[in-house]
Amino acid sequence: DSGVTQTPKHLITATGQRVTLRCSPRSGDLSVYWYQQSLDQGLQFLIQYYNGEERAKGNILERFSAQQFPDLHSELNLSSLELGDSALYFCASSVAAGGTYNEQFFGPGTRLTVL
Amino acid sequence: AQKVTQAQTEISVVEKEDVTLDCVYETRDTTYYLFWYKQPPSGELVFLIRRNSFDEQNEISGRYSWNFQKSTSSFNFTITASQVVDSAVYFCALSDFNQAGTALIFGKGTTLSVSS
(Lines give C-alpha, C1' and ligand atoms only; values in the text may rest on other atoms or scores of the structure.)
Protein backbone atom coordinates (compact mmCIF):
# COMPACT_ATOMS: atom_id res chain seq x y z
CA ASP A 1 0.00 0.00 0.00
CA SER A 2 1.58 3.25 -1.20
CA GLY A 3 -0.50 5.49 1.06
CA VAL A 4 -2.08 7.26 -1.92
CA THR A 5 -5.83 6.79 -2.11
CA GLN A 6 -8.07 7.21 -5.12
CA THR A 7 -11.83 7.14 -5.40
CA PRO A 8 -13.83 5.74 -6.97
CA LYS A 9 -12.13 2.52 -7.99
CA HIS A 10 -14.42 2.05 -10.99
CA LEU A 11 -16.60 4.51 -12.84
CA ILE A 12 -18.97 3.78 -15.72
CA THR A 13 -20.62 6.65 -17.50
CA ALA A 14 -21.98 7.72 -20.87
CA THR A 15 -20.54 9.87 -23.62
CA GLY A 16 -21.02 13.57 -23.08
CA GLN A 17 -21.07 13.29 -19.31
CA ARG A 18 -18.75 14.82 -16.72
CA VAL A 19 -16.98 12.96 -13.93
CA THR A 20 -14.68 13.82 -11.05
CA LEU A 21 -11.86 11.60 -9.86
CA ARG A 22 -10.45 12.16 -6.41
CA CYS A 23 -6.99 11.59 -4.99
CA SER A 24 -5.55 11.93 -1.49
CA PRO A 25 -1.75 12.03 -1.36
CA ARG A 26 0.46 10.34 1.19
CA SER A 27 0.71 12.14 4.48
CA GLY A 28 3.33 14.87 4.16
CA ASP A 29 3.45 14.89 0.36
CA LEU A 30 2.80 18.26 -1.26
CA SER A 31 2.89 17.26 -4.93
CA VAL A 32 0.15 15.40 -6.76
CA TYR A 33 0.44 14.04 -10.29
CA TRP A 34 -2.17 12.62 -12.63
CA TYR A 35 -1.44 10.02 -15.28
CA GLN A 36 -3.66 8.33 -17.86
CA GLN A 37 -3.13 4.75 -19.00
CA SER A 38 -4.93 3.73 -22.19
CA LEU A 39 -4.38 0.98 -24.69
CA ASP A 40 -3.63 3.50 -27.46
CA GLN A 41 -1.35 5.93 -25.67
CA GLY A 42 0.14 3.88 -22.86
CA LEU A 43 0.96 5.67 -19.60
CA GLN A 44 0.93 9.43 -20.08
CA PHE A 45 1.57 12.27 -17.70
CA LEU A 46 -1.31 14.72 -17.51
CA ILE A 47 -0.60 17.35 -14.88
CA GLN A 48 1.20 18.11 -11.61
CA TYR A 49 0.20 20.30 -8.70
CA TYR A 50 2.40 21.39 -5.84
CA ASN A 51 0.85 22.85 -2.71
CA GLY A 52 -2.16 24.06 -4.63
CA GLU A 53 -0.36 25.45 -7.68
CA GLU A 54 -0.03 23.93 -11.11
CA ARG A 55 3.63 23.05 -11.76
CA ALA A 56 3.81 20.99 -14.92
CA LYS A 57 1.46 20.11 -17.70
CA GLY A 58 1.62 17.18 -20.08
CA ASN A 59 -0.76 15.91 -22.73
CA ILE A 60 -3.91 16.97 -20.95
CA LEU A 61 -6.95 17.70 -23.08
CA GLU A 62 -8.77 21.00 -22.73
CA ARG A 63 -11.85 19.05 -21.65
CA PHE A 64 -9.90 17.89 -18.61
CA SER A 65 -9.01 20.04 -15.63
CA ALA A 66 -7.56 19.48 -12.22
CA GLN A 67 -7.07 21.29 -8.96
CA GLN A 68 -5.43 20.75 -5.62
CA PHE A 69 -7.25 21.90 -2.52
CA PRO A 70 -5.85 23.42 0.71
CA ASP A 71 -5.99 20.01 2.40
CA LEU A 72 -3.79 18.80 -0.51
CA HIS A 73 -6.25 16.37 -2.00
CA SER A 74 -6.70 16.70 -5.73
CA GLU A 75 -9.53 16.25 -8.17
CA LEU A 76 -9.37 15.54 -11.88
CA ASN A 77 -12.45 16.67 -13.77
CA LEU A 78 -13.22 15.10 -17.13
CA SER A 79 -16.02 16.64 -19.18
CA SER A 80 -17.77 16.01 -22.49
CA LEU A 81 -16.56 12.46 -22.21
CA GLU A 82 -15.78 10.47 -25.33
CA LEU A 83 -15.32 6.75 -25.83
CA GLY A 84 -11.60 7.32 -26.14
CA ASP A 85 -11.40 8.69 -22.62
CA SER A 86 -11.93 5.20 -21.26
CA ALA A 87 -8.73 4.48 -19.38
CA LEU A 88 -7.10 3.84 -16.04
CA TYR A 89 -6.31 7.11 -14.30
CA PHE A 90 -3.52 7.09 -11.76
CA CYS A 91 -2.70 9.63 -9.14
CA ALA A 92 0.78 9.83 -7.64
CA SER A 93 2.28 11.96 -4.91
CA SER A 94 5.73 13.08 -3.82
CA VAL A 95 7.25 15.22 -1.12
CA ALA A 96 8.45 18.15 -3.21
CA ALA A 97 7.92 19.72 -6.60
CA GLY A 98 10.86 18.65 -8.68
CA GLY A 99 14.43 19.59 -9.45
CA THR A 100 16.21 16.89 -7.54
CA TYR A 101 14.01 13.93 -8.13
CA ASN A 102 11.42 13.04 -5.57
CA GLU A 103 10.02 9.56 -5.77
CA GLN A 104 6.44 9.36 -6.93
CA PHE A 105 4.15 6.93 -5.11
CA PHE A 106 1.20 5.74 -7.15
CA GLY A 107 -2.35 5.11 -6.04
CA PRO A 108 -4.38 2.09 -7.14
CA GLY A 109 -6.02 3.96 -10.01
CA THR A 110 -9.58 4.71 -11.12
CA ARG A 111 -10.84 2.72 -14.06
CA LEU A 112 -13.13 4.89 -16.19
CA THR A 113 -15.39 3.28 -18.76
CA VAL A 114 -17.28 5.54 -21.15
CA LEU A 115 -20.17 3.82 -22.95
CA ALA B 1 13.04 15.03 -26.73
CA GLN B 2 12.47 12.79 -23.74
CA LYS B 3 11.68 9.29 -24.84
CA VAL B 4 11.72 5.73 -23.52
CA THR B 5 11.67 2.76 -25.85
CA GLN B 6 10.85 -0.76 -24.78
CA ALA B 7 11.19 -2.67 -28.01
CA GLN B 8 9.94 -5.98 -26.61
CA THR B 9 6.16 -5.91 -26.54
CA GLU B 10 5.68 -9.42 -25.16
CA ILE B 11 8.00 -12.07 -23.79
CA SER B 12 7.04 -15.61 -22.82
CA VAL B 13 9.30 -17.84 -20.77
CA VAL B 14 9.04 -21.01 -18.77
CA GLU B 15 9.57 -20.94 -15.04
CA LYS B 16 13.23 -20.85 -13.92
CA GLU B 17 14.41 -19.28 -17.14
CA ASP B 18 16.31 -16.00 -16.94
CA VAL B 19 14.78 -13.08 -18.84
CA THR B 20 16.06 -9.62 -19.72
CA LEU B 21 13.78 -6.69 -20.44
CA ASP B 22 15.34 -3.95 -22.55
CA CYS B 23 14.96 -0.21 -22.10
CA VAL B 24 16.55 2.52 -24.21
CA TYR B 25 16.07 6.18 -23.42
CA GLU B 26 16.68 9.63 -24.89
CA THR B 27 17.02 12.72 -22.75
CA ARG B 28 18.17 16.32 -22.98
CA ASP B 29 18.99 16.45 -19.28
CA THR B 30 22.49 15.93 -17.90
CA THR B 31 21.07 14.74 -14.59
CA TYR B 32 18.18 12.36 -14.79
CA TYR B 33 16.62 9.35 -13.14
CA LEU B 34 15.49 6.03 -14.53
CA PHE B 35 12.91 3.70 -13.06
CA TRP B 36 11.32 0.33 -13.44
CA TYR B 37 7.73 -0.31 -12.41
CA LYS B 38 5.77 -3.55 -12.37
CA GLN B 39 2.05 -3.69 -13.15
CA PRO B 40 0.56 -7.04 -12.14
CA PRO B 41 -2.87 -8.14 -13.42
CA SER B 42 -4.49 -6.38 -10.45
CA GLY B 43 -3.51 -3.08 -12.09
CA GLU B 44 -1.51 -1.15 -9.52
CA LEU B 45 1.92 0.26 -10.34
CA VAL B 46 4.63 -1.18 -8.14
CA PHE B 47 7.93 0.67 -7.89
CA LEU B 48 10.95 -1.60 -8.39
CA ILE B 49 14.02 0.59 -8.69
CA ARG B 50 15.33 4.12 -9.20
CA ARG B 51 18.75 4.85 -10.68
CA ASN B 52 20.32 8.29 -11.12
CA SER B 53 22.41 9.24 -14.12
CA PHE B 54 25.69 9.64 -12.26
CA ASP B 55 25.66 6.18 -10.71
CA GLU B 56 26.40 3.50 -13.27
CA GLN B 57 26.92 0.67 -10.83
CA ASN B 58 24.80 -2.34 -11.53
CA GLU B 59 22.34 -3.30 -8.86
CA ILE B 60 21.07 -6.63 -7.66
CA SER B 61 18.08 -7.25 -5.46
CA GLY B 62 17.30 -10.89 -4.95
CA ARG B 63 16.38 -12.35 -8.34
CA TYR B 64 16.28 -8.89 -9.92
CA SER B 65 19.25 -7.07 -11.40
CA TRP B 66 19.65 -3.91 -13.41
CA ASN B 67 22.31 -2.93 -15.90
CA PHE B 68 22.67 0.80 -16.55
CA GLN B 69 24.92 1.83 -19.45
CA LYS B 70 25.08 5.53 -20.13
CA SER B 71 27.18 5.00 -23.26
CA THR B 72 24.33 3.15 -24.94
CA SER B 73 21.50 4.96 -23.10
CA SER B 74 20.16 1.68 -21.83
CA PHE B 75 18.77 0.50 -18.52
CA ASN B 76 18.02 -3.19 -18.80
CA PHE B 77 16.29 -5.36 -16.23
CA THR B 78 17.03 -9.05 -15.69
CA ILE B 79 14.93 -11.51 -13.73
CA THR B 80 16.87 -14.62 -12.77
CA ALA B 81 15.05 -17.93 -12.32
CA SER B 82 11.69 -16.44 -13.27
CA GLN B 83 8.54 -17.45 -11.41
CA VAL B 84 4.88 -17.43 -12.36
CA VAL B 85 4.35 -14.51 -9.96
CA ASP B 86 6.67 -12.44 -12.13
CA SER B 87 4.01 -12.37 -14.85
CA ALA B 88 3.13 -8.73 -15.28
CA VAL B 89 3.66 -5.70 -17.47
CA TYR B 90 6.97 -3.99 -16.77
CA PHE B 91 7.50 -0.31 -17.48
CA CYS B 92 10.72 1.60 -17.77
CA ALA B 93 10.43 5.33 -17.03
CA LEU B 94 12.56 8.47 -17.27
CA SER B 95 12.36 11.65 -15.21
CA ASP B 96 11.41 14.78 -17.11
CA PHE B 97 12.44 17.95 -15.29
CA ASN B 98 10.07 20.06 -17.25
CA GLN B 99 8.71 23.47 -16.45
CA ALA B 100 8.72 23.84 -12.68
CA GLY B 101 7.92 20.29 -11.85
CA THR B 102 8.81 16.71 -12.63
CA ALA B 103 6.97 14.17 -14.71
CA LEU B 104 7.71 10.56 -15.54
CA ILE B 105 7.96 9.52 -19.15
CA PHE B 106 7.02 5.87 -19.51
CA GLY B 107 7.85 3.34 -22.17
CA LYS B 108 5.05 1.30 -23.73
CA GLY B 109 5.78 -1.61 -21.42
CA THR B 110 6.80 -5.23 -21.87
CA THR B 111 4.31 -7.94 -21.01
CA LEU B 112 6.07 -10.86 -19.39
CA SER B 113 4.31 -14.21 -19.20
CA VAL B 114 5.91 -16.93 -17.13
CA SER B 115 4.40 -20.37 -17.44
CA SER B 116 4.89 -23.32 -15.12
Side-chain angles (χ1 to χ4, degrees), chain A residues 1-6 9-10 26 29-60 66 68 74 87-112, chain B residues 1-10 21 23-25 27-55 59 68 75 88-111:
Chain A
D1 186 346
S2 67
V4 178
T5 60
Q6 289 187 248
K9 191 167 178 144
H10 300 278
R26 292 187 325 152
D29 284 359
L30 299 178
S31 265
V32 170
Y33 310 77
W34 287 97
Y35 291 84
Q36 178 195 58
Q37 184 179 27
S38 65
L39 287 175
D40 298 345
Q41 302 295 325
L43 259 166
Q44 286 200 105
F45 168 70
L46 296 178
I47 199 163
Q48 177 198 1
Y49 277 82
Y50 173 75
N51 206 20
E53 294 184 0
E54 182 184 307
R55 279 301 185 104
K57 214 166 185 176
N59 298 321
I60 187 166
Q68 186 179 28
S74 176
L88 187 54
Y89 291 84
F90 285 105
C91 171
S93 73
S94 70
V95 171
T100 299
Y101 184 77
N102 295 279
E103 184 177 342
Q104 295 182 24
F105 295 87
F106 282 79
T110 292
R111 184 166 294 282
L112 173 66
Chain B
Q2 312 286 84
K3 187 178 177 182
V4 175
T5 302
Q6 295 180 255
Q8 305 150 308
T9 306
E10 294 182 20
L21 309 182
C23 172
V24 174
Y25 63 92
T27 181
R28 61 175 179 269
D29 296 328
T30 51
T31 299
Y32 53 90
Y33 294 80
L34 295 160
F35 308 81
W36 278 94
Y37 283 85
K38 174 182 179 180
Q39 188 174 38
S42 51
E44 73 272 24
L45 279 172
V46 179
F47 167 80
L48 295 178
I49 190 171
R50 175 184 73 192
R51 176 49 51 100
N52 61 51
S53 55
F54 42 90
D55 181 2
E59 183 156 342
F68 175 36
F75 186 42
V89 182
Y90 290 86
F91 292 95
C92 180
L94 168 70
S95 60
D96 182 12
F97 298 117
N98 187 23
Q99 305 160 54
T102 305
L104 289 178
I105 307 297
F106 285 87
K108 294 288 188 186
T110 298
T111 300

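Throughout, protein chains are lettered first and strands after them, A, B, ... in sequence-line order, and every chain is numbered starting at 1. Side chains included, hydrogens not; waters and symmetry mates left out as well; all remaining heavy atoms used.
In this structure, B:T110 contributes its side chain and B:Y90 its backbone to no donor-acceptor pair below 3.5 Å.
Contact of A:L43 with chain B is made through backbone and side chain together, with heavy-atom distances under 4.5 Å. Using a 4.5 Å cut-off between heavy atoms, A:F90 contacts chain B through its side chain alone, with no backbone atom that close. For A:Q37, the part lying under 4.5 angstrom from a heavy atom of chain B is the side chain only. Of the two parts of A:Y35, only the side chain, counted from C-beta on, holds a non-hydrogen atom closer than 4.5 Å to a non-hydrogen atom of chain B. With a 4.5 Å cut-off on non-hydrogen atoms, B:F91 touches chain A through its side chain but not through its backbone.
Taking every heavy atom of both residues into account, B:F75 and B:F35 meet most closely at CE2-N, 4.0 Å. The two residues B:A88 and B:P40 come nearest to each other via the heavy atoms CB-CA, 3.8 Å.
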Step-by-step salt bridge (Lys or Arg N to Asp or Glu O under 4.0 Å) determination, B:K3 to B:D96: CA-CA 9 Å; B:K3 187 178 177 182; B:D96 182 12; over 6 Å; no
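The aromatic rings of B:Y37 and B:F106 sit tilted, their planes meeting at an angle between 30° and 60°.
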